[in-house]
Student: 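Okay, here's the structure, questions in a sec.
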Amino acid sequence: MKSISLIQFLIEEKRAGHINSELSLLIEVVARACKRISVAVAKGALGGVLGNAGTDNIQGEAQKKLDVISNEILLEANAWGGHLAACASEEMDDPQPIPDAYPKGHHLLLFDPLDGSSNIDVNVSVGTIFSVLRCPDDIDEVLAEHFLQKGTEQVAAGYVVYGPSTLLVLTFGHGVHEFTLDREHGSFVLSRRGMTIPAQTSEFAVNMANQRHWEAPMQRYIGELQAGSTGPRGRDFNMRWVASMVADVHRIVTRGGVFIYPLDARIREQGGKLRLMYEANPMAFIVEQAGGAATTGRERIMGLQPTGLHQRVPVFLGSKDEIDVVTRYHLESDDSRA
Ligand code: AHM
Ligand code: MG
């Protein structure tokens with residue numbers, strides 16, 4: 001079989017009218033940066049990259065050395081190409097403008113440079129998640145408010161998993177495609193075109209340690225899955241939890257399943273655990289493009305009007321039939337209390 005490189009794929013997407021030259025360049029640059037992150041991750045202890053950086057990010061979380069390194073790699077790679085107006089990162093308080101020395105482009109890039117930080121030091125898969133928006137025209141200076149666009153406005157989203165293989169999964173709103181890094185040649189090669197998530201599944205992903213803090217509809221849903229063939233669902237379910245969203249979502253995009261990080265009593269004030277702009281929106285775009293669904297338990301994630309760059313939301317995504325059930329349970333519960 002003739003292999004198709006990422007570059008060739010991007011040229012074909014341009015010819016099909018799905019993307020323009022600037023977006024094509026942006027994806028090439030992000031992919032190149034992620035190759036460098038992949039090398040840094042793979043060095044592990046030998047590269048001196050494990051452990052804490054000794055700093056906190058905007059959300060007060062301790063940054064790992066690899067969080068900081070990955071953020072720097074993405075910023076540096078994206079500064080000079082002329083394809084971006086600004087970047088925003090989970091690891092930075094404010095958006096980063098393009099330095100004056102370089103031309104500005106028409107896109108905004110948002111990223112979680114290294115997702116699954118708690119897995120870095122234990123050699124379990126981690127990843128990069130990114131989202132691309134158009135920059136509004138006719139503005140002198142890019143501000144945080146210009147990034148606050150609904151997920152439906154994304155022109156591209158993707159993630160890279162640094163696992164046994166390094167994989168890039170990408171959407172421009174015309175299906176979801178997977179590229180595997182060929183380490184010998186240093187290029188991403190198309191490994192799956194048009195990935196689809198089956199509507200039905202028997203697998204769920206959730207951090208069960210938080211169960212006692214969940215809302216009633218979430219307790220009901222997971223309780224029914226745990227009851228399996230002896231409960232109302234009449235069949236058994238299995239559970240997986242990597243604690244790296246990229247790895248859990250990649251399993252779902254590959255073979256189906258649901259991923260849930262719900263509201264719980266301890267994180268109610270902050271809105272949830274996962275970040276809307278860097279995690280929930282890009283993953284929702286990919287999952288919907290693969291035929292799945294993504295909600296907050298109550299409404300479509302991509303329909304939310306963001307109110308802050310670092311806003312957090314509950315996340316329910318994956319196989320459509322299951323997301324429909326758990327979303328219905330939340331809405332029924334709200335109705336009965338109204
Ligand atoms: P991070 O961006 O700081 O790494 O946090 C996000 C991660 C997700 O990858 C993962 O799904 C979740 O946090 C795991 O949370 P927990 O440790 O509570 O299970
Ligand atoms: Mg993250």
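Each ligand, and each atom within it, is numbered from 1 in the order the structure gives.
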Student: Does the ring pair (Phe, Tyr, Trp, His ring centres under 6.0 Å) test come out yes or no for F179 and F9, once each step is laid out?
Tutor: CA-CA 10 Å; F179 301 82; F9 176 85; 5.0 Å; yes

Student: May I ask whether F259 has any heavy atom positioned less than 4.0 angstrom from an atom of ligand 1?
Tutor: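 Yes, F259 has a heavy atom closer than 4.0 Å to ligand 1.
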
Student: Counting only heavy atoms, which portion of D112 has something under 4.0 Å from ligand 1: side chain, backbone, both, or neither?
Tutor: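 Near ligand 1, D112 shows its side chain, while the N, CA, C and O stay back.
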
Student: List every atom of ligand 1 that sits less than 4.0 Å from any heavy atom of R275, numbering the atoms from 1 in the order shown and giving each element.
Tutor: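 Per the distance check, 1 (P), 2 (O), 3 (O), 5 (O), 6 (C).
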
Student: Could you check which of I260, D115, N119 puts a non-hydrogen atom nearest to atom 7 (C) of ligand 1?
Tutor: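 Closest candidate by heavy-atom distance is D115.
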
Student: For S21, check side chain to side chain donor-acceptor pair (under 3.5 Å) against everything at least two apart and list the hits.
Tutor: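 S21 satisfies side chain to side chain donor-acceptor pair (under 3.5 Å) with no other residue.
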
Student: Measure from atom 16 (P) of ligand 1 to every heavy atom in N207, V126, V249, V206 and give the option owning the shortest one.
Tutor: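 The nearest heavy atom belongs to N207.
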
Student: Hey, are R275 and E90 close enough for a salt bridge, meaning a charged N less than 4.0 Å from a carboxylate O?
Tutor: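 A salt bridge is present here (some side-chain N lies under 4.0 Å from a carboxylate O).
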
Student: Take the angle between the ring planes of H18 and H174 and call it parallel below 30°, perpendicular above 60°, tilted in between.
Tutor: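 H18 and H174: parallel rings.
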
Student: Are any of the side-chain nitrogens in D67 or K64 under 4.0 Å away from the carboxylate oxygens of its partner?
Tutor: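 K64 and D67: not salt-bridged.
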
Student: Identify which one of V287, V206, L317 satisfies the side chain to side chain contact (heavy atoms under 4.5 Å, CB included) criterion when paired with F259.
Tutor: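 Single pass found, and it is L317.
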
Student: Could you tell me, atom by atom, which parts of ligand 1 come under 4.0 Å of a heavy atom of M245?
Tutor: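 Those atoms are 8 (C), 9 (O), 10 (C), 11 (O).
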
Student: Under 4.0 angstrom from ligand 1, any heavy atom of S118?
Tutor: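 It does not; every heavy atom stays at 4.0 Å or beyond.
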
Student: Which atoms of ligand 1 sit under 4.0 Å from any heavy atom of E279?
Tutor: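 Within the 4.0 Å cut-off of E279, ligand 1 contributes 2 (O), 6 (C).
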
Student: Give the numbers and elements of all ligand 1 atoms closer than 4.0 Å to a heavy atom of S244.
Tutor: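 This gives 9 (O) as the contact atoms.
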
Student: Applying salt bridge (charged side-chain N to carboxylate O under 4.0 Å, His left out), can you list everything that pairs with K320, at least two apart in sequence or on another chain?
Tutor: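 D324.
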
